[in-house]
2 protein chains.
Amino acid sequence: MASIKEVAETAGVSTATVSRVLSHGQHVRPEVRQRVMEAVEKLHYRPNLVARSLRSQQSNTIGLIVSDIRNPFFTSISRVVEDIAYAQGFTVLLCNTDEDANKESIYLQLMRDTNVAGVIFSPTRQTAASLSQQRFDFPIVMVDRVVADFEADTVLLDNVEAAYRLATHLINNGFKRIGAIFGETSSTGLERQQGYEQALRQHGLPVLAEYIKHTQPRVEAGYAAATALMKLPHPPEAILTSNSLTMEGALQAIRAANLSLPEDMALVGFDETPWTMLVQPSITIIAQPTYEIGKIAAELLIQRIADPSRPPRQVILRGQLHVRGSSAPLRTGADAPVR
Amino acid sequence: MASIKEVAETAGVSTATVSRVLSHGQHVRPEVRQRVMEAVEKLHYRPNLVARSLRSQQSNTIGLIVSDIRNPFFTSISRVVEDIAYAQGFTVLLCNTDEDANKESIYLQLMRDTNVAGVIFSPTRQTAASLSQQRFDFPIVMVDRVVADFEADTVLLDNVEAAYRLATHLINNGFKRIGAIFGETSSTGLERQQGYEQALRQHGLPVLAEYIKHTQPRVEAGYAAATALMKLPHPPEAILTSNSLTMEGALQAIRAANLSLPEDMALVGFDETPWTMLVQPSITIIAQPTYEIGKIAAELLIQRIADPSRPPRQVILRGQLHVRGSSAPLRTGADAPVR
DNA sequence: TTGTATGCGTTATCAT
DNA sequence: ATGATAACGCATACAA
C-alpha cells in the first residue's frame with residue numbers, strides 16, 4: 001500500500017501538501033492539487049486510518065454494546081445504527097454482553113483502548129449503577145435502558161406507560177388474574193413491572209407475588225416461567241411478557257400445555273417480530289419504534305461527537321399497542337363457546 | 001490516559017522494558033517486571049491499541065460483511081462470529097451491504113484502510129465474479145456463498161443437495177407442480193435452484209420457467225413472488241423458498257389468499273427461525289447449522305491470521321431436513337378430507 | 001537484561 | 001501557498 005510519502009514524491013510536493021489536499025483541501029493551488037490527485041489515482045493511494053486516528057486522536061468507529069444481537073429488538077437497533085453510521089462515515093463495532101456486567105466492563109475498556117468516537121450502550125442494571133463513578137473520554141448514548149446519575153443522551157420507550165396500557169387492555173377485556181414475566185437484568189423490566197402493577201391497582205386488582213416472574217431475556221427462561229405460572233394452584237388467565245424472547249418461550253409453553261389461546265390463556269408482550277402476525281391467533285403486543293430508537297440514538301451520538309458540549313437529551317418514545325387475537329375478550333354466559 | 005512513557009518513568013525503566021513486560025514478558029528480571037506492573041496498576045495504564053496497531057501493522061479487528069443482519073441466518077452467524085472473536089481477543093466490525101455490490105466494494109476498501117486482521121464475507125454474485133482480479137493484504141473467509149477462482153477458506157452448505165432433498169420430499173409427498181422462489185443475488189440461490197431442478201427431472205417432472213421466481217432476499221419480494229405464482233392460470237401446489245425472508249413473505253401471501261396450508265398450497269424453505277415451529281401447521285424446512293457455520297468461519301479466519309501460508313480449506317456442511325405439517329402428503333380419493 | 005533510537009503513516013505547527 | 005519537522009503511542013533492531 002502506497003503511503004502519503006510516496007504520493008508526495010511522485011507529485012513532487014511535501015507530505016504536508018498531500019495531507020492538506022486530502023483533508024480540508026484549503027490553501028493549495030488548483031494546479032498543485034491536480035498533481036496530487038493524479039498521484040493519488042496513479043498509486044491507488046488510500047489514507048491509513050490507523051495512522052490518521054493515532055495522529056488526530058479521534059476515529060470513525062462507534063461501539064454498539066448490547067446484550068444479544070439475536071434479540072429482535074437489538075437486531076433491529078443494530079441495523080439502523082449501522083445504517084446511520086455508514087451514512088455519516090462511521091463504522092460499527094458490535095459487542096454482545098449476554099447481560100454480563102463483566103463483559104460489559106471489558107468491552108467498555110476496549111472502547112477506551114481503541115479510541116472509539118463514541119458508544120451506544122444498553123447496560124445491565126448492575127453496570128448502570130456503577131457507571132456514575134466512572135469517567136469516559138468518549139460520549140455514550142444510552143439506549144433502551146436508563147442510567148441514574150449519569151449525564152448522557154438517552155433514548156427510551158415510555159415503559160411504564162406501555163406496560164400500563166398493555167395490562168389495562170387485558171383488564172378491559174375481562175382478564176383479572178394476570179401473570180407477568182419481566183426481565184431481571186435491565187431497568188426496562190423494572191419499569192414495565194411498575195406499569196403493570198399500576199394498572200392492576202388502579203382497577204382494584206391484587207398484585208400477587210406468585211404471579212410475577214423475573215428472568216433473563218431468553219426463550220428458555222420464558223418457557224420455564226410460563227410453565228411455572230401455569231402450574232400454580234390458581235393459575236393466571238393471562239400472561240404479560242416484557243420481551244419477545246420470553247414471549248416466544250411463553251407461547252411455546254402454552255402450546256406444550258395444550259392450552260388454547262386466548263380462551264385458556266391469553267398472551268401479550270413487547271416487540272413486533274415476524275411471528276406475532278403469523279401465529280394464530282396473532283399476538284397482542286406493544287410495538288417499539290425500533291427504527292426511531294436506533295436512528296435517534298445514532299444521531300444523538302454523532303451530534304455529540306461533533307459537539308461534546310451540547311447538553312444531554314433524553315428522548316422518550318411511545319410504544320404502539322397492536323390489539324390482536326391472543327388477548328380477545330373472555331366470553332362468559334350465554335355466548336361463551338363450548339369448551 | 002497514561003502512556004507507556006509515563007509508566008516507564010514512574011517505574012524507573014525505559015519504554016522498551018515496559019513494552020517487553022506487557023507484550024511477551026521475556027528477557028526481563030522478575031524484580032523489574034514487578035516494578036513495571038506496579039506502575040501500570042498505579043497509573044491505570046492501558047496500551048493504546050491504535051498506536052500498537054500502527055506500529056505492529058496488525059490489528060485485532062475482523063470485519064464481518066453480510067447483506068443484512070436482520071436476515072435470521074446472518075443474525076445467527078454474526079452472533080457466533082462475535083462470540084468466537086471475543087474468546088480469541090478479536091473484535092468485530094459489522095457491515096451490512098443490502099446485496100449492493102457498490103457497498104461491498106466500499107466496505108472492502110474500508111477494511112484495507114483500517115488494517116483489519118481479516119474478513120468474513122458473504123458476497124453477491126457480482127462481487128464474487130470480480131474478486132479474483134483483486135489482491136487483499138488480509139485473509140478473507142467466504143461464508144454461505146462461493147467465489148470462483150479465488151483462493152480462500154470457505155464455509156458453505158451443500159446447497160444443491162439440500163434443495164434436492166427438500167424438493168424430493170415434496171415430490172414424495174405427492175406434490176407435482178412445485179413453484180420456487182430463489183435469491184437472485186447470491187450463488188446460494190443458483191445452487192439451490194440446481195438441486196430443485198435435479199429433483200424434478202429425476203422424477204420425470206417438467207421444469208417450468210413460470211414456476212421459478214428470482215428475487216431479492218426480502219419479505220416483500222417473497223410475498224410478491226408467491227402471489228404471482230398463485231395467480232398463474234395453472235398455479236403450483238407447493239412453493240419452495242430459498243431463504244427465510246422470502247418464506248415469510250410467501251406464507252403471508254398464502255394466508256392473504258385464504259389458501260389453507262398444506263391442502264391448497266404447501267410451503268417449504270430454508271432456515272430455522274422462531275416462527276417455523278410456532279405457526280400452524282409448522283413449516284417444513286432445511287435447517288442450516290448456523291452455529292457450526294459461523295464457528296468454523298471464525299476459526300478458519302483466526303487460524304489463517306496466525307498462519308497465512310496455510311492452504312485454504314473448503315468446508316461444506318449438510319443441512320437438516322425437518323419434516324413438518326406445511327408439506328403433509330396430499331390425500332386423494334377415499335380418504336381425502338372434504339373441502 | 002536493559003536502554004537508545006528509529007519508524008509505523010498521519011496531521012499540525014511553524015517557518016518560509 | 002508550501003515545506004520541514006515534530007509528535008501521536010508503541011514495538012523492535014541494535015547497542016551496551
Side-chain angles (χ1 to χ4, degrees), chain A residues 1-37 39-40 43-61 89 109-117 137-138, chain B residues 1-37 39-40 43-61 89 109-117 137-138:
Chain A
M1 287 291 294
S3 76
I4 198 173
K5 205 170 161 188
E6 305 174 49
V7 174
E9 281 165 9
T10 81
V13 298
S14 74
T15 63
T17 300
V18 177
S19 177
R20 266 191 287 263
V21 170
L22 266 42
S23 306
H24 5 284
Q26 308 213 321
H27 305 295
V28 40
R29 272 185 309 170
E31 176 212 324
V32 174
R33 154 197 304 282
Q34 179 66 15
R35 283 219 312 280
V36 169
M37 291 312 282
V40 165
L43 300 177
H44 299 101
Y45 169 72
R46 309 229 80 219
N48 180 320
L49 262 30
V50 178
R52 179 177 283 179
S53 176
L54 175 61
R55 169 63 225 217
S56 65
Q57 299 291 44
Q58 37 186 312
S59 85
N60 294 305
T61 301
Q109 275 296 11
L110 180 76
M111 297 299 131
R112 303 177 122 113
D113 303 347
T114 208
N115 193 25
V116 295
D137 25 36
F138 48 80
Chain B
M1 287 291 292
S3 76
I4 198 173
K5 205 171 162 189
E6 305 175 48
V7 174
E9 281 164 8
T10 80
V13 298
S14 75
T15 63
T17 300
V18 177
S19 178
R20 268 190 286 265
V21 170
L22 267 42
S23 307
H24 9 285
Q26 308 214 320
H27 305 294
V28 40
R29 273 185 309 172
E31 176 211 323
V32 175
R33 154 198 305 282
Q34 179 66 16
R35 282 219 312 279
V36 170
M37 292 312 281
V40 166
L43 300 176
H44 298 102
Y45 169 73
R46 309 229 80 219
N48 180 319
L49 263 29
V50 178
R52 180 176 281 180
S53 176
L54 176 60
R55 167 63 227 223
S56 65
Q57 298 290 43
Q58 36 185 315
S59 85
N60 294 306
T61 301
Q109 275 295 13
L110 180 76
M111 297 300 131
R112 304 178 119 115
D113 303 346
T114 208
N115 193 26
V116 296
D137 24 36
F138 48 80

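What you are looking at is a predicted structure, and each value in this text was computed from that prediction instead of being measured. Heavy atoms only: backbone and side chains are in, while hydrogens, waters and symmetry mates are out. Quick note on labels: first sequence line is chain A, next is B, and so on, each numbered from 1.
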Looking across every strand, which nucleic acid part, if any, lies under 4.0 Å from Ser56(B) by heavy atom: base, sugar-phosphate, or nothing?
nothing
Of the listed nucleotides dT11(C), dA4(D), dG9(C), the one nearest the side chain of Ser3(A):
dG9(C)
Are OP1 or OP2 of dG9(D) and a side-chain N or O of Gln57(A) less than 4.0 angstrom apart?
yes
Between dT11(C) and Ser23(A), is there an OP1 or OP2 to side-chain N/O distance shorter than 4.0 Å?
yes
How many whole angstroms separate atom CG of Leu22(B) from atom C1' of dA11(D)?
12 Å
Answer with base, sugar-phosphate or nothing: what part of the nucleic acid does Arg33(A) contact at a heavy-atom distance below 4.0 Å?
nothing
From dG9(C), dG3(D), dA11(D), pick the nucleotide closest to the side chain of Arg52(B)?
dA11(D)
note: Arg29(A), atom CZ; dA1(D), atom P; distance rounded to Å ~ 10 Å
Under 4.0 Å between any heavy atoms, over every strand shown, what does Val32(A) touch: base, sugar-phosphate, or nothing? Just pick one.
sugar-phosphate
OP1, OP2 of dG9(C) versus side-chain N and O of Arg55(A): anything below 4.0 Å?
no
Provide, to the nearest angstrom, the distance between the CD atom belonging to Glu9(B) and the C1' atom belonging to dG3(C).
14 Å
Search all heavy atoms of Leu22(A) against all heavy atoms of Val36(A) and return the closest pair with its distance.
CD1-CG1, 4.4 Å
For the pair made of CG in Asp137(A) and P in dG9(D), what is the distance, rounded to whole Å?
12 Å
Whole angstroms only, please: what is the CG-C1' distance between Asn115(B) and dC8(C)?
10 Å
Sub-4.5 Å side-chain heavy-atom contact between Arg112(B) and Gln109(B)
yes
Find the distance Glu6(A):CD to dG9(C):P and express it as a whole number of Å.
8 Å
Rounded off to whole Å, could you give me the CG-to-C1' distance for the Leu43(B) and dC10(D) pair?
16 Å
Would you mind telling me which of dG3(D), dA1(D), dC10(D) lies closest to the side-chain atoms of Ala16(A)?
dG3(D)
Answer yes or no: is there an ion pair linking Glu9(B) with Lys5(B), defined by an N-O contact shorter than 4.0 Å?
no
His27(A) has its side chain closest, among dC10(D), dA1(D), dG9(D), to dA1(D)
Measure from CE on Met1(B) to C1' on dC8(D) and round the result to the nearest Å.
14 Å
Start with the C-alpha distance between Met1(A) and Asp137(B), add both sets of side-chain angles, then the distance that settles side chain to side chain contact (heavy atoms under 4.5 Å, CB included), and finish with yes or no.
CA-CA 9 Å; Met1(A) 287 291 294; Asp137(B) 24 36; 3.6 Å; yes
Nearest heavy atom decides the nucleotide; on that basis, is Gly12(B) or Ile4(A) closer to the 5' end of DNA chain C?
Gly12(B)
Between His24(B) and Arg20(A), which is nearer to the 5' end of DNA chain D once each is assigned its nearest nucleotide?
Arg20(A)
Write down the atom of Val13(A), the atom of Val18(A), and the distance for their closest heavy-atom approach.
CG2-CG2, 3.8 Å
Looking only at dG3(C), dT10(C), dA5(C), the nucleotide nearest the Pro47(A) side chain is dT10(C)
Neighbour count above 12 (heavy atom, 6.0 Å) for His44(A) NE2:
no
Using a 4.0 Å heavy-atom cut-off, does Val13(B) contact any base of the nucleic acid, only the sugar-phosphate backbone, or nothing at all?
sugar-phosphate
Check every strand shown and say whether Ser53(B) touches a base, only sugar-phosphate, or nothing at a heavy-atom separation below 4.0 Å.
nothing
If you compare every side-chain N and O of Ser19(B) against the phosphate oxygens of dA11(D) (OP1, OP2), does one of them come in below 4.0 Å?
yes
